[in-house]
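Okay, so here's the structure we're looking at.
Heavy-atom basis, side chains included; hydrogens, waters and symmetry copies ignored. Below, chains carry the letters A, B, ... as their sequence lines are ordered, and counting in each starts from 1.
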Amino acid sequence: MTPRRWKRVHNAVLNVLTAVVGLVTVFPILWMVIASLQNNRSLLAGQVSLTNLYWSNFVQLWTHVKFFVYFKNSLIICGTTMVISTSFACLAGYALARFRFKGAETFNYAIIGTQMIPGIMFLLPLYMMFLWIKQTFGLPMVNTYWGMIGVYTAFFTPMSIFIMRGFFAAIPRELEEAALIDGCSQFQAFWRVILPVSIPGLIATAVYVFLTAWDELLFAWVLTTSSSVQTIPVGIRLYVGQYNNRYDLLMAAAVVTTIPVLVTFFATQKWFVSGMTAGSVKG
Amino acid sequence: LKNLATEWRRHRLAYLLVAPTIIFMVLVHLVPMTQGIYMSFLKLNQFTLSLFLKAPFVGLDNFTGVLFDVDNPVRAGLKLAIRNTAIYSVVVSVVVLSTGMGVALLLNREFRGRSFVRTIMLLPWVVPTYVVGILWGFMWQHDNGIMNRILVDWLGLFADRPFWLSGRNVIWAIIIPTVWRFWPFVMVMFLAGLQTIPGELYEAAEIDGANPWLRFRHITIPLLRPIIAIQLLFQIINGVYAYNIVQMMFGNGAGYPGEWGDLMMTLLTRQSFGSWLFGYGAAVSVMLMIVMLGFVWVWYRVFRQELVIK
């Protein structure tokens with residue numbers, strides 16, 4: 001074989017391999033969507049139809065469970081957490097990337113350290129703290145939006161700082177130096193010069209927070225007991241417990257919870273990938 | 001004290017910027033964690049739960065009980081959970097990182113629709129982990145699961161339909177979905193790293209007669225070491241503290257994952273919030289945290305050079 005021909009074959013083989021990997025990767029998601037649109041009996045019997053679709057599964061889901069409420073709760077809790085966490089991370093990440101202040105090193109270790117704490121260890125103390133706040137200050141914390149938002153903000157801010165710090169570190173210092181020479185204060189340089197070029201990093205962090213908050217089950221399970229504040233994972237877990245073997249409905253629920261994050265991701269993926277990777281590549 | 005005052009004046013902005021985060025971290029991490037550590041020295045179970053931190057102080061009894069007392073209710077399950085978690089986190093990390101690297105190399109070529117393929121491949125990472133558990137719990141079903149239909153009926157890889165959700169197979173039934181969920185993200189990080197490596201490096205090496213393996217080994221790997229270091233750390237943490245996927249896969253979120261599926265987190269959650277053995281649970285958590293801090297220390301020693309921010 002001539003080298004050129006060999007190269008063509010080589011490339012074709014790699015393309016086929018890529019296609020196979022892609023198919024295997026997407027298949028479970030496709031199957032989830034297809035299964036959600038089947039009649040349960042034929043689904044269990046292994047007969048799948050792509051023409052006779054049971055959209056009623058979704059209607060049933062919507063009417064049987066208070067799905068809309070869970071959905072709304074998740075949006076409120078995860079959305080607010082996303083905004084607060086990203087803002088905190090943006091501020092703290094900038095401080096860590098640019099200033100050599102006393103305690104910065106310790107703070108860096110603490111950020112990684114928070115990821116080492118088994119969540120289950122401080123779940124009970126946190127619950128007790130919630131009760132204590134209610135007793136002492138009369139402010140209810142269990143079964144409230146702000147209780148969950150507070151906990152989630154603390155949870156996801158460390159990793160967000162990690163992302164933002166990497167992103168800021170990749171921005172050349174000359175940008176601020178020029179602004180400082182022009183008479184900006186340090187904060188103005190940050191606010192007017194650095195923030196506008198950090199949009200991809202901010203979006204990446206925000207999406208990251210939203211996705212992980214949307215995914216949290218354990219703390220929501222313990223800290224919320226009323227369906228008026230429970231999030232989707234909790235609702236789903238309660239729901240699937242009742243509907244054993246109704247795989248059509250289970251898959252419909254799975255599809256419905258995946259769609260919001262899927263949409264978020266697709267809408268932002270251009271910035272997400274660049275924002276997420278900027279820091280890690282140069283950091 | 002004077003030093004502190006000058007330090008404050010010099011870096012006032014920095015301190016103000018980190019203040020909100022510090023407040024939250026102290027309230028939601030430091031205080032409850034300290035209480036959690038203290039809980040591990042208390043006889044805290046269903047009878048003393050209402051006393052919380054005023055429960056009887058028993059020193060190291062929880063630790064010695066969990067480790068050495070044959071009659072301890074947590075001990076037998078703990079041995080299995082440690083084994084499973086070790087296998088799970090190591091296998092998941094290794095396979096996720098190598099798959100991520102392999103596919104990143106595949107996609108680091110010029111071909112039509114590359115960004116589309118990359119987006120498609122990142123899809124599993126968007127699926128919430130509790131959904132991954134439900135979905136694969138359905139796919140692994142013995143009689144009507146799609147996996148047995150593909151593997152046995154279509155491909156003929158097994159003579160009999162394996163039971164994926166009981167016995168030894170469970171460890172694979174939890175590893176495979178986890179890998180499926182997490183490799184795409186690692187791949188995207190590697191791919192971004194690969195694209196920053198200048199092509200001239202490879203061309204020069206090729207002229208010097210280096211074969212593809214040598215080029216990969218001596219150019220790609222060293223340049224990607226910072227990304228490898230970070231992703232390895234996160235995968236291990238992810239694996240050791242994994243909960244959602246395994247929890248949701250068995251009995252629709254209410255079942256016991258079995259002797260080959262029970263992980264540290266599913267065990268601790270069951271013993272703490274199911275059997276109210278909070279004292280024992282806290283003791284195990286504290287030990288787990290110490291082990292993980294040891295792991296991070298080793299990790300830091302190995303990768304220290306790569307992690308310095310220039």
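Within the 4.5 angstrom heavy-atom criterion, atoms from both the backbone and the side chain of A/Thr18 approach chain B. For A/Trp214, the parts lying under 4.5 angstrom from a heavy atom of chain B are both the backbone and the side chain. Residue B/Leu4: no heavy atom, backbone or side chain, is found under 4.5 Å from chain A. Only the side chain of A/Phe265 comes within less than 4.5 Å of a heavy atom in chain B; its backbone stays farther off. Contact of B/Tyr38 with chain A is not made at all, since no heavy-atom distance falls under 4.5 Å. Neither the backbone nor the side chain of A/Tyr127 has a heavy atom closer than 4.5 Å to any heavy atom of chain B. Heavy atoms of A/Ala110 lying under 4.5 Å from chain B belong to its backbone as well as its side chain. Heavy atoms closer than 4.5 Å to chain B are found nowhere in A/Val255, neither backbone nor side chain. Neither the backbone nor the side chain of B/Leu53 comes within contact range of chain A, judged by heavy atoms closer than 4.5 Å. Only the side chain of B/Trp136 has a heavy atom closer than 4.5 Å to any heavy atom of chain A. For chain A, the nearby part of B/Phe185 is the side chain; its heavy atoms alone come within less than 4.5 Å. Only the side chain of B/Ile150 comes within less than 4.5 Å of a heavy atom in chain A; its backbone stays farther off. With a 4.5 angstrom heavy-atom cutoff, B/Ser272 touches chain A only via side-chain atoms. Residue B/Phe278 touches chain A through its side chain alone, counting heavy-atom pairs closer than 4.5 Å. Contact annotation for B/Val284: neither backbone nor side-chain heavy atoms come within less than 4.5 Å of a heavy atom of chain A. Contact annotation for B/Val126: both backbone and side-chain heavy atoms come within less than 4.5 Å of a heavy atom of chain A. Heavy-atom distances place no part of B/Arg112 under 4.5 Å from chain A, backbone and side chain included. In this structure, chain A has a heavy atom under 4.5 Å from the side chain of B/Gln247, while its backbone stays farther away. Both the backbone and the side chain of B/Met33 come within contact range of chain A, judged by heavy atoms closer than 4.5 Å. Using a 4.5 Å cut-off between heavy atoms, B/Val117 touches chain A through its side chain atoms alone.
Comparing A/Met116, A/Gln269, A/Arg98 by heavy-atom pairs within less than 4.5 Å of chain B, the highest count is held by A/Met116. Ranked by heavy-atom pairs under 4.5 Å with chain A, the first of B/Thr99, B/Leu123, B/Leu135 is B/Leu135. Top candidate by heavy-atom pairs under 4.5 Å with chain A, chosen from B/Phe234, B/Tyr243, B/Trp8, is B/Phe234. In terms of non-hydrogen atom pairs under 4.5 Å with chain B, the most contact-rich of A/Val26, A/Val24, A/Thr257, A/Val151 is A/Thr257. Between chain B and the options A/Ile84, A/Leu91, A/Thr258, A/Asp215, the largest number of non-hydrogen pairs under 4.5 Å is found for A/Asp215. For the set A/Thr157, A/Leu238, A/Leu211, A/Thr114, the count of heavy-atom pairs under 4.5 angstrom toward chain B peaks at A/Thr114. The choice from A/Tyr94, A/Phe162, A/Phe27 that makes the most heavy-atom pairs within less than 4.5 Å of chain B is A/Phe162. Interface check for chain A: of the options B/Met264, B/Gln35, B/Met292, the most heavy-atom pairs under 4.5 Å are formed by B/Gln35. The residue among A/Phe187, A/Tyr239, A/Phe101, A/Phe266 with the most heavy atom pairs within less than 4.5 Å of chain B is A/Phe101. With chain A as partner, the option from B/Met147, B/Gln195, B/Met25 having the largest number of non-hydrogen pairs under 4.5 angstrom is B/Met25. Between chain A and the residues B/Ala282, B/Gly133, B/Pro124, the most heavy-atom pairs under 4.5 angstrom are made by B/Pro124. In terms of heavy-atom pairs under 4.5 angstrom with chain A, the leader among B/Val127, B/Val188, B/Thr119, B/Val103 is B/Thr119.
Residues A/Ile29 and B/Trp180 are in side-chain contact: their nearest non-hydrogen atoms beyond the backbone lie under 4.5 Å apart. Looking at heavy atoms from C-beta onward, A/Met121 lies out of side-chain contact with B/Leu288 at the 4.5 angstrom threshold. Between A/Glu216 and B/Asn244, the closest side-chain pair of non-hydrogen atoms is not below 4.5 Å. Side-chain contact between B/Trp183 and A/Val21 is present, with at least one heavy-atom pair separated by less than 4.5 Å. By the 4.5 Å heavy-atom criterion applied to side chains, A/Phe122 and B/Thr34 are not counted as neighbours. Counting heavy atoms from C-beta outward, B/Val31 and A/Met129 have side chains that approach closer than 4.5 Å. Looking at B/Phe111 and A/Asn11, their side chains never come closer than 4.5 Å, going by heavy atoms from C-beta outward. A 4.5 Å side-chain heavy-atom check between A/Phe99 and B/Val18 finds every atom pair outside the cut-off.
Crowding of B/Arg10 atom CZ: a count of heavy atoms from other residues, nucleotides or ligands under 6.0 Å not exceeding 12. More than 12 heavy atoms of other residues, nucleotides or ligands lie within 6.0 Å of CZ in B/Phe273, so this atom counts as buried by the packing criterion.
Between B/Phe138 and A/Tyr247, the ring planes are parallel. Angles under 30° get that label, and only those over 60° would be called perpendicular.
The two residues A/Ile236 and B/Tyr130 make their nearest non-hydrogen contact at CG1-CE1, 4.3 Å. The nearest pair of heavy atoms linking A/Met128 to B/Leu49 is CE-O, 4.0 Å. Closest of all the heavy-atom pairs between B/Met265 and A/Ile120 is SD-CG2, 4.2 Å. Heavy atoms only, all atoms of each residue included: B/Met289 and A/Ile117 are closest at SD-CA, 3.8 Å. The two residues A/Phe155 and B/Val28 have their closest heavy-atom pair at CE1-CG1, 4.3 Å. Nearest heavy atom pair, residue A/Pro118 against residue B/Ser285, reads CG-O, 3.6 Å.
A/Tyr152 and B/Phe24 have their aromatic ring centers separated by at least 6.0 angstrom. Here the two rings, on B/Trp125 and A/Phe272, have centers that are under 6.0 Å apart.
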- Task: Test B/Arg109 against A/Asn15 for side-chain contact (heavy atoms from CB on, under 4.5 Å), laying out the working first.
- Result: CA-CA 10 Å; B/Arg109 303 173 296 132; A/Asn15 283 345; 3.1 Å; yes

- Task: Report the C-alpha distance between B/Ile134 and A/Met251 in whole Å, list the side-chain angles of each, state the deciding distance to 0.1 Å, and finish with yes or no for side-chain contact (heavy atoms from CB on, under 4.5 Å).
- Result: CA-CA 8 Å; B/Ile134 300 173; A/Met251 291 302 112; 4.0 Å; yes

- Task: Evaluate the criterion side-chain contact (heavy atoms from CB on, under 4.5 Å) for residue pair A/Leu44 and B/Gln141; output intermediate values, then yes/no.
- Result: CA-CA 10 Å; A/Leu44 293 186; B/Gln141 292 290 317; over 6 Å; no

- Task: Check step by step if side-chain contact (heavy atoms from CB on, under 4.5 Å) holds for B/Leu44 and A/Leu124.
- Result: CA-CA 11 Å; B/Leu44 194 62; A/Leu124 180 71; 4.0 Å; yes

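Counting only residues at least two apart or on different chains, the salt bridge (Lys or Arg N to Asp or Glu O under 4.0 Å) pairs with a member in residues 240-259 of chain A are A/Arg246-A/Asp248.
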